[in-house]
There are 2 protein chains.
Amino acid sequence: MNTLSDLPPELPKVTVDVVIFTLLNDELKVLLVQRPIQPFAGSWTLPGGFVQAEESLEEAARRVLAEKGRISNVWLEQLYTFGEPHRDPRARIITVTYFALIRPDTLQTRYGDDTVAWHYAYDPPVIGFDHADIIAYAIQRLRYKLEYTAVAFQLLPEAFTLTELQNAYEHILREPLDKRNFRRKVLATDLLEETGDVRSGDHRPAKLFRFSENARFEIQARRLFP
Amino acid sequence: MNTLSDLPPELPKVTVDVVIFTLLNDELKVLLVQRPIQPFAGSWTLPGGFVQAEESLEEAARRVLAEKGRISNVWLEQLYTFGEPHRDPRARIITVTYFALIRPDTLQTRYGDDTVAWHYAYDPPVIGFDHADIIAYAIQRLRYKLEYTAVAFQLLPEAFTLTELQNAYEHILREPLDKRNFRRKVLATDLLEETGDVRSGDHRPAKLFRFSENARFEIQARRLFP
DNA sequence: ACAAAAGTGTTGTATATACACCCATGA
DNA sequence: TCATGGGTGTATATACAACACTTTTGT
């Protein structure tokens with residue numbers, strides 16, 4: 001694997017960083033890695049790595065996901081490319097960023113490894129490099145996509161209640177939504193189907209839904225909330 | 001300036017390519033450069049260049065605009081980053097693409113230089129590398145932005161008639177628009193103001209408009225056609 | 001006077017919003 | 001029986017789409 005010291009200093013090098021979001025306890029979280037060394041020792045940064053010679057940018061991003069948290073088969077989209085000359089004080093680094101949405105149980109970190117952890121996306125710890133900007137931009141894109149597409153199911157378990165879906169929207173958008181209007185809108189699309197089961201809690205059981213198969217092809221195109 | 005042969009072959013190198021659009025004779029055109037050498041000798045490609053050590057990506061894109069057509073002070077936005085391993089047969093090249101909208105009179109090419117020229121964006125000549133994909137993606141983004149923002153004025157002269165504005169929209173979107181609805185919508189925004197002059201042709205003179213100053217700050221945000 | 005482009009309103013339809021009560025269950 | 005979250009309908013306002021004729025000028 002390349003390290004910074006392997007590389008001639010005069011040429012830009014290319015990394016991919018991935019903003020990995022999940023919903024954990026109704027909170028939007030982002031996966032961060034704590035830096036053991038200078039610069040920014042102790043600060044948290046996005047998981048990333050150098051682009052290898054024979055992999056595409058998206059393959060590099062998926063490799064990073066696999067290496068940091070054994071995450072595979074997730075939804076991933078290119079976000080933006082950051083290339084200010086001195087964003088890394090050591091060398092010229094150009095970073096192609098991706099963002100991913102996963103269910104929290106998809107992540108497997110090594111037992112006892114507290115250098116890879118979920119943090120509040122809206123209230124992160126001390127962040128190194130320009131990664132706070134990247135996270136802020138990713139949140140903006142996520143909120144935008146949430147209003148216009150059906151990406152939300154990437155964050156939810158296979159089956160979910162309409163209240164759970166609405167909670168996900170409310171916590172990411174940070175605004176309350178009207179229950180009746182929300183239900184009418186999501187049911188008016190053909191993206192949801194009932195599983196036939198219910199979730200029984202303390203009170204009245206709630207119908208369980210899943211995203212229909214064709215929803216997976218419409219993440220990009222469909223406007224859930226026009 | 002770096003050339004491919006200067007660079008060690010094992011590391012990805014970074015270029016910026018710029019998709020420069022204009023409207024010329026009511027047609028959407030893209031600026032292309034004819035390649036003098038292999039690979040793809042004779043094919044047309046996007047203007048581009050290597051990212052230099054001390055310039056940002058956007059600065060690199062502006063340098064390309066200045067070098068190829070003495071174009072300065074134009075609207076520019078990052079588009080996407082292309083990085084498939086063998087998109088350039090000679091070496092691993094990662095290209096950060098930008099797109100720009102200019103008025104056709106902004107371009108100054110050297111007299112007699114026919115290796116830099118406007119081509120039909122919707123009906124381009126033979127294109128080298130994967131630049132046809134890049135152009136197609138840029139058109140898609142342009143159409144999208146046109147429906148949701150006020151970018152169109154980047155393509156029009158300082159003063160224009162409503163019919164000229166509608167023509168611009170119709171030729172980029174490739175669909176006819178209703179004259180009354182179009183006028184009502186654009187005038188309902190506060191993005192346009194009358195210059196007070198009229199354009200006299202063969203027939204009834206048309207009022208001239210300009211984009212108001214605050215429109216320039218709202219290119220990104222404002223939805224012209226919600 | 002006529003050709004050609006500029007300019008102008010109304011109506012129906014669809015969509016978004018605001019809002020409050022009854023239902024089913026477990027304790 | 002009561003506490004809790006699940007589930008439901010209507011009325012109003014706003015936005016969009018369809019549509020045709022009159023006005024002004026130059027020749």
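In what follows, every chain begins at residue 1, and chains take the letters A, B, ... in the order their sequences are listed. Basis for what follows: all heavy atoms, side chains included, without hydrogens, waters or symmetry-related copies. Predicted, not measured: the structure shown is a model, and the values here were computed from it.
Separating the CD atom of A:Glu164 from the C1' atom of D:dG5 is a distance of 12 Å, rounded to the nearest angstrom. Here the P atom of nucleotide C:dA5 and the CG atom of B:Asp202 are 8 Å apart, to the nearest Å. Rounded to an integer number of Å, the gap from B:Lys179 NZ to D:dA18 P is 17 Å. Rounded to an integer number of Å, the gap from CG of B:Asn181 to P of D:dA20 is 13 Å. Atoms CG (B:Asp178) and C1' (D:dC21) sit 14 Å apart, rounded to a whole Å. The NE2-C1' distance, from B:His203 to C:dA1, rounds to 15 Å in whole Å. Rounded to a whole Å, the CD atom of B:Gln166 is 14 Å from the P atom of C:dA5. Per the geometry, CZ belonging to B:Arg184 stands 8 Å off C1' belonging to C:dG9, to the nearest Å.
At the phosphate of D:dG6, OP1 or OP2 sits under 4.0 Å from a side-chain N or O atom of A:Thr163. Residue B:Lys185 places none of its side-chain N or O atoms closer than 4.0 Å to OP1 or OP2 of D:dA15. Within the 4.0 Å cut-off from OP1 or OP2 of D:dG7, at least one side-chain nitrogen or oxygen of A:Arg183 is found.
For the residue pair A:Thr95 and A:Arg87, a side-chain donor N or O sits within less than 3.5 Å of a side-chain acceptor on the partner.
Looking at A:Lys207, its side chain has no donor and acceptor atom pair within 3.5 Å of the base of D:dG7. With hydrogens and angles left out, the side chain of B:Arg204 and the base of C:dA5 share no donor-acceptor pair within 3.5 Å.
Without hydrogens or angle criteria, A:Ser212 side chain to A:Asp190 main chain gives a donor-acceptor distance under 3.5 Å.
The pair B:Glu164-B:Arg199 counts as a salt bridge, with a side-chain nitrogen and a carboxylate oxygen less than 4.0 angstrom apart. Salt bridge status for B:Glu67 with B:Arg63: present, with a side-chain N to carboxylate O gap under 4.0 Å.
Between A:Phe160 and the options A:Phe153, A:Phe209, A:Phe211, a ring-ring contact (aromatic ring centres under 6.0 Å, His included) holds for only A:Phe211.
Nearest-nucleotide positions on DNA chain C place B:Ala206 closer to the 5' end than the other of B:Arg180 and B:Ala206.
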